[in-house]
Amino acid sequence: MSRILLLLLAGLKFGKLFGTVGTMLIATGVYAIVFGWRYAVGIVAMLFVHEMGHYLAARQRGLHVGMPTFIPFVGAWIELKQRPHDAETEAYIGLAGPMLGTVGAIVAYFLAR
């Protein structure tokens, strides 16, 4: 297991997408060990949906942002490479994650039924 983690961490330097996918795999693996694979996939997917809400809102407002990075038992984040222009833009970006996360939770609820 430790070799896989080292390979994933070493691969972070190979590209932006691998950083996101690699940290998603690490987070999924850690959650799977503790809670089981179904919970792990679900929580990482919901974190991804939430962070993509922030990402899409920031891109819509013309800001440069990085793809999500995941840390087990901490959460995830996107890196804003530019500061928001005003408080309204910052609020828009901040609220977009929970809004898209709510949509994702509703979809997950109906899929589970």
Side-chain angles (χ1 to χ4, degrees):
M1 179 70 176
S2 63
R3 285 185 178 180
I4 294 170
L5 289 175
L6 288 175
L7 286 172
L8 287 172
L9 290 173
L12 289 176
K13 62 185 174 186
F14 291 116
K16 296 175 188 177
L17 184 61
F18 187 80
T20 297
V21 173
T23 58
M24 284 177 78
L25 290 173
I26 291 169
T28 302
V30 171
Y31 286 129
I33 290 168
V34 178
F35 300 110
W37 72 269
R38 290 181 184 181
Y39 175 86
V41 170
I43 194 69
V44 172
M46 290 306 296
L47 283 169
F48 181 75
V49 168
H50 172 92
E51 291 305 318
M52 288 311 290
H54 295 304
Y55 177 86
L56 294 171
R59 293 294 302 234
Q60 187 178 31
R61 293 295 173 111
L63 300 175
H64 296 287
V65 293
M67 290 296 290
T69 303
F70 295 80
I71 296 181
F73 306 111
V74 174
W77 75 87
I78 60 165
E79 178 187 358
L80 287 174
K81 297 182 180 190
Q82 288 180 296
R83 299 190 79 181
H85 307 295
D86 52 25
E88 190 269 333
T89 300
E90 190 168 351
Y92 181 79
I93 295 168
L95 290 171
M99 296 299 257
L100 193 57
T102 300
V103 171
I106 292 168
V107 168
Y109 171 78
F110 285 110
L111 287 174
R113 296 194 76 203

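For the numbers below, each heavy atom of this structure counts, side chains included, while hydrogens, waters and symmetry mates do not. Keep in mind the model is a prediction, meaning the values are calculated, not measured.
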ask   = What's the spacing between Arg59 CZ and Ile78 CD1 if we round to 0.5 Å?
value = 10.5 Å

message = I need the minimum non-hydrogen distance between Ala58 and Val65, along with the two atoms involved.
response = CB-CG1, 3.4 Å

remark   = All heavy atoms of Pro68 vs all of Met52, minimum pair found to be CG-SD, 4.0 Å

request  = Would you name the heavy atoms of Val30 and Pro72 that are closest together and state the gap between them?
outcome  = CG1-CB, 3.8 Å

task = Apply side chain to side chain contact (heavy atoms under 4.5 Å, CB included) to Ile106 and list each qualifying residue two or more places apart in sequence or on a separate chain.
result = Thr102, Phe110

task = Please collect all salt bridge (Lys or Arg N to Asp or Glu O under 4.0 Å) contacts where either partner lies in residues 82-101, sequence neighbours excluded, each pair once.
result = Arg61-Glu88

ask   = Under 4.5 Å between any side-chain heavy atoms of Leu63 and His85, yes or no?
value = yes

Considering all heavy atoms, the nearest Met46-Gly104 contact = CE-C, 3.5 Å

Counterpart residues, side chain to side chain donor-acceptor pair (under 3.5 Å), relative to Gln60 (two or more places apart) = Tyr92

remark   = dist Ile93:CD1 -> Leu80:CG (nearest 0.5 Å) comes out at 5.5 Å

key: Shared hydrophobic cluster, Met67 / Leu56 (ILVMFWY, side-chain heavy atoms < 4.5 Å)   = yes

query = According to the ring pair (Phe, Tyr, Trp, His ring centres under 6.0 Å) rule, which pairs have a member within residues 29-56, sequence neighbours left out?
reply = Tyr31-Phe73, Phe35-Tyr39, His50-His54

key: Minimal non-hydrogen separation, Gly53 against Ala96, with atom names   = O-CB, 3.2 Å

query = Side-chain heavy atoms under 4.5 angstrom apart, residues restricted to Ile, Leu, Val, Met, Phe, Trp, Tyr: same cluster for Leu47 and Val34?
reply = yes

note = side-chain hydrogen bond (donor to acceptor under 3.5 Å, both in side chains) pairs touching residues 70-80, sequence neighbours excluded, are none

request  = Supply the members, apart from Met99, of the Ile/Leu/Val/Met/Phe/Trp/Tyr cluster built from side-chain contacts under 4.5 Å; use none for a lone residue.
outcome  = none

query = Less than 4.5 Å apart, any side-chain heavy atom of Thr28 and any of Val41?
reply = yes

